[in-house]
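None of the values given here were measured: they were computed from a predicted structure. Quick note on labels: first sequence line is chain A, next is B, and so on, each numbered from 1.
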Protein chains: 2
Amino acid sequence: MKKQRHSIKDIASALNVSVTTVSFIINGKAKEKRISEKVTKKVLAYIDEINYKPNQLAQSLRTGQSKIIVFMVEDISNYFFARLARIIEDIAYEKGYKVLFCSNDNEDKKSEELIALFKDRQVDGYIIIPSSGIKGTIKNLLDENIPLILFDRYFEDLPTNYVVIDNEEATLNATNHLIENKFKNIAFVTTDVEQTQMLSRLSGYKKAVGQKQLHEIVLKIPYNAKPVNRKAIIKDFIINNPEVDAVFFATNYLTQDGISVIKEGFPSLLSKLGIITFDDNTLYEIFTPSISAVAQPLEEICGTLMSMMLKLLKKKEDQKVEKVVLNAKLLVRESSLPK
Amino acid sequence: MKKQRHSIKDIASALNVSVTTVSFIINGKAKEKRISEKVTKKVLAYIDEINYKPNQLAQSLRTGQSKIIVFMVEDISNYFFARLARIIEDIAYEKGYKVLFCSNDNEDKKSEELIALFKDRQVDGYIIIPSSGIKGTIKNLLDENIPLILFDRYFEDLPTNYVVIDNEEATLNATNHLIENKFKNIAFVTTDVEQTQMLSRLSGYKKAVGQKQLHEIVLKIPYNAKPVNRKAIIKDFIINNPEVDAVFFATNYLTQDGISVIKEGFPSLLSKLGIITFDDNTLYEIFTPSISAVAQPLEEICGTLMSMMLKLLKKKEDQKVEKVVLNAKLLVRESSLPK
DNA sequence: CTGAAAGCGCTAACAA
DNA sequence: TTGTTAGCGCTTTCAG
């Protein structure tokens with residue numbers, strides 16, 4: 001009762017036709033190659049009967065197409081990336097592609113190793129959140145004309161396809177929202193990495209407070225600091241800046257650190273401070289207070305990424321570079337209301 | 001400046017040796033096949049020089065090994081699964097395997113489609129959280145002697161490798177913890193699906209309350225209910241069971257629904273009710289109150305899964321079925337302390 | 001110790 | 001309209 005794999009040759013010999021005929025029929029080229037209806041039907045019926053499935057591997061070897069795309073993010077266990085991954089997965093499978101997910105931890109070395117690994121595997125396309133130092137590797141992919149889309153951030157001076165959100169606009173709006181709600185001393189907690197998206201977020205904040213002539217109160221936390229250290233830094237910051245009445249966390253893990261510090265060290269602040277975070281999480285909705293968040297349009301991002309990718313996958317030539325900028329949405333919850 | 005792919009043949013002809021020799025050397029069989037040191041070195045040096053990487057696809061076609069394993073969960077965007085995925089990813093890549101993640105939404109049809117898809121791709125092994133109706137499909141894989149490990153849940157009467165946690169023990173302990181903290185009317189909110197893990201959780205709860213002669217107060221929510229409906233059901237439940245002083249949520253999305261309902265409809269309850277949830281989330285720690293949780297040992301689960309998988313991948317014959325049961329850990333936080 | 005050659009399953013140019 | 005055949009790049013048996 002072992003299920004045995006059938007090959008195209010088996011089919012051909014069983015039906016007394018040639019493998020070519022079978023191959024054409026399987027690949028839907030029956031019409032084009034003008035194979036008789038009768039033969040086509042016979043072959044199709046037989047294929048169905050024995051439940052034949054072409055060996056993808058052989059197909060890939062022959063065509064050079066693996067029907068696999070890579071989706072590389074910082075950390076797949078991070079809520080934001082996991083959500084994206086799920087949506088990408090659904091679209092890809094529907095289109096006959098499989099997705100290899102991987103995490104680069106925002107490290108150049110890891111990113112490069114992973115990309116090298118995938119190149120040996122003839123992956124068809126890459127959707128990547130680049131770590132900051134892999135411009136060279138990305139450029140190589142580009143030079144080799146491999147379908148590639150960056151997202152979340154990109155390299156200013158490299159003509160790549162990318163999908164990002166308007167980070168500056170998003171923080172500008174969110175900061176203005178805080179200002180409208182009468183917060184006067186709004187702190188902005190971010191990291192010290194020079195990633196385009198983080199820089200834009202910072203500049204949106206600066207623009208907003210600048211326009212209203214408020215103080216800039218910025219805390220840059222070293223990217224490589226461990227959670228404990230990050231928390232210590234935030235704690236000091238709170239102690240040293242008692243005038244702060246609202247905090248804008250520029251990315252989700254900083255929000256976690258921040259709330260944790262406040263909860264442990266200054267519990268009364270939790271209801272007094274204005275809080276906004278970048279990137280939503282379903283749990284923020286049921287926090288006490290519920291946390292206002294700048295939410296990236298996940299579906300839209302993934303939809304755009306995949307439709308661009310599929311386009312790239314189709315015709316390899318004369319592609320124009322596409323740069324897409326989407327808008328984030330401010331979800332106003334309790335934490336940013338006037339106190 | 002195009003990077004061209006080198007083949008084993010190129011190497012052979014460039015060095016005036018045969019492809020066989022090169023192949024043997026590449027595969028570390030130089031010694032075994034007693035190829036001269038000199039040739040070996042020469043080949044190795046050249047390979048290094050041109051940065052040759054074997055074509056995995058061709059290798060796979062020939063050997064039947066794709067070096068890819070499948071990791072199928074309910075929903076990769078779910079915190080628990082995303083965390084697992086990340087750990088699995090790290091181990092797999094280190095061992096030279098790549099991981100295809102996918103989500104079956106706990107649907108049989110989807111699971112079956114996915115498995116069929118992967119079989120055409122000669123995936124080397126499967127790590128699966130099975131949806132309840134795919135026993136047949138799983139059995140097929142088993143019959144074909146394909147490396148397979150189930151986890152989170154399994155089929156009682158199918159001799160498969162699996163890794164699960166002791167769900168009954170975990171809820172028993174956690175319920176006892178509530179009882180020790182003087183909660184008298186502990187409700188257990190679960191789903192109506194007959195999955196082994198959910199049933200065990202329920203029975204652990206029942207055992208605990210039974211031993212102390214407390215009332216069983218169980219709410220089973222239809223698995224397919226939409227969030228809105230789940231919330232409505234929970235709301236009714238709270239209204240109709242005013243005596244309840246503690247709630248044990250059997251899985252993480254129910255916790256979210258539950259807290260959401262409490263927050264919206266009965267905010268004062270949030271600090272009065274004892275709460276425990278199954279499956280941890282980093283954010284529970286910074287909730288107000290922080291939420292006590294039964295945490296599954298993620299690292300241990302993944303470590304076990306992968307070491308079992310690697311063992312299966314190595315020697316295909318005479319494998320004993322391995323059943324591993326690990327222990328969960330109760331993380332006591334504010335929500336389950338005496339009120 | 002090394003090489004020739006078959007063949008994994010499929011596609012597609014070329015023949016018939 | 002259909003068949004023959006040459007590979008894709010690699011592994012491995014068998015023969016030197």
Taking only distance into account, with no hydrogens and no angle test, what donor-acceptor pairs under 3.5 Å do side-chain atoms of residues 34-44 of chain A form with protein atoms, sequence neighbours excluded?
{"unit_1": "S36(A)", "atom_1": "OG", "unit_2": "V39(A)", "atom_2": "N", "d": "3.2"}
{"unit_1": "T40(A)", "atom_1": "OG1", "unit_2": "S36(A)", "atom_2": "O", "d": "2.8"}

Which pairs would a plain distance check flag for residues 92-100 of chain B, meaning a side-chain donor or acceptor within less than 3.5 Å of a matching protein atom at least two apart in sequence or in another chain?
none

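For E74(B), the salt bridge (Lys or Arg N to Asp or Glu O under 4.0 Å) criterion is met by R153(B), not counting sequence neighbours. Applying the side-chain hydrogen bond (donor to acceptor under 3.5 Å, both in side chains) criterion to Q296(B), with sequence neighbours excluded, gives D279(B). For E156(A), the side-chain contact (heavy atoms from CB on, under 4.5 Å) partners at least two apart in sequence or on another chain are Y154(A), T196(A). Applying the side-chain contact (heavy atoms from CB on, under 4.5 Å) rule to K31(B) yields no partners; only residues at least two apart in sequence or on another chain are considered. With sequence neighbours excluded, the residues satisfying side-chain hydrogen bond (donor to acceptor under 3.5 Å, both in side chains) with D105(B) are R86(A), K110(B).
Atom CD in Q122(A) sits about 15 Å away from atom C1' in dC10(C), given to the nearest Å. The distance between atom CD of Q59(B) and atom P of dG7(C), rounded to the nearest whole Å, is 21 Å. Rounding to whole angstrom units, CD1 of residue I26(B) and P of dT11(D) are separated by 7 Å. Here dC8(C) presents its P atom at 13 Å from CG of L61(A), a figure rounded to the nearest Å. When the P atom of dG9(D) is taken as reference, atom CD1 of I50(B) falls 13 Å away, rounded to whole Å. In this structure, CG of L57(B) is placed 15 Å from P of dG9(C), rounded to the nearest angstrom. The CD1-C1' distance, from I25(A) to dT11(C), rounds to 14 Å in whole Å. Summarising the geometry, the separation between CD1 on I8(A) and P on dT5(D) is reported as 17 Å, rounded to the nearest angstrom.
Considering only side-chain atoms of P54(A), the nucleotide from dC10(C), dG3(C), dT2(D) that sits closest is dC10(C). With dT2(D), dG3(C), dG3(D) as the choices, the nucleotide that has an atom nearest any side-chain atom of V17(A) turns out to be dG3(D).
Remark: S18(A) is in phosphate contact with dG3(D), judged by side-chain N or O atoms under 4.0 Å from OP1 or OP2. Between Y52(A) and dG9(C) there is no side-chain polar atom (N or O) within less than 4.0 angstrom of OP1 or OP2.
Taking five base pairs at each end of the helix from dC1(C)-dG16(D) to dA16(C)-dT1(D) and finding the rotation axis that steps the C1' atoms of four pairs onto the next four gives two axes whose angle is 50°, to the nearest 10°.
Here E89(B) contributes atom CD and F101(B) contributes atom CZ; the two are 5.5 Å apart, rounded to the nearest 0.5 Å.
Screening residues 111-151 of chain B for ring-ring contact (aromatic ring centres under 6.0 Å, His included) gives F71(B)-F151(B) as the qualifying pairs, with residues at least two apart or on separate chains. Evaluation of the salt bridge (Lys or Arg N to Asp or Glu O under 4.0 Å) test over residues 128-139 of chain B, restricted to residues two or more places apart or in two chains, returns K135(B)-D157(B), K139(B)-D143(B).
Proximity of a side-chain donor or acceptor of S7(A) to a complementary backbone N or O of K9(A) within less than 3.5 Å is detected.
Annotation: proximity of residues 36-45 of chain B to DNA chain C (heavy atom, distance under 4.0 Å) is found for S36(B), V39(B), numbered in ascending order.
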Check nucleotides 12-16 of chain C against the protein and report each pair of N or O atoms closer than 3.5 Å, with its distance, or say if there are none.
{"unit_1": "dA12(C)", "atom_1": "OP2", "unit_2": "K29(A)", "atom_2": "NZ", "d": "3.0"}
{"unit_1": "dA12(C)", "atom_1": "N6", "unit_2": "T20(A)", "atom_2": "OG1", "d": "3.2"}

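Between P297(B) and I165(B) the shortest heavy-atom distance is CD-CG2, 3.9 Å.
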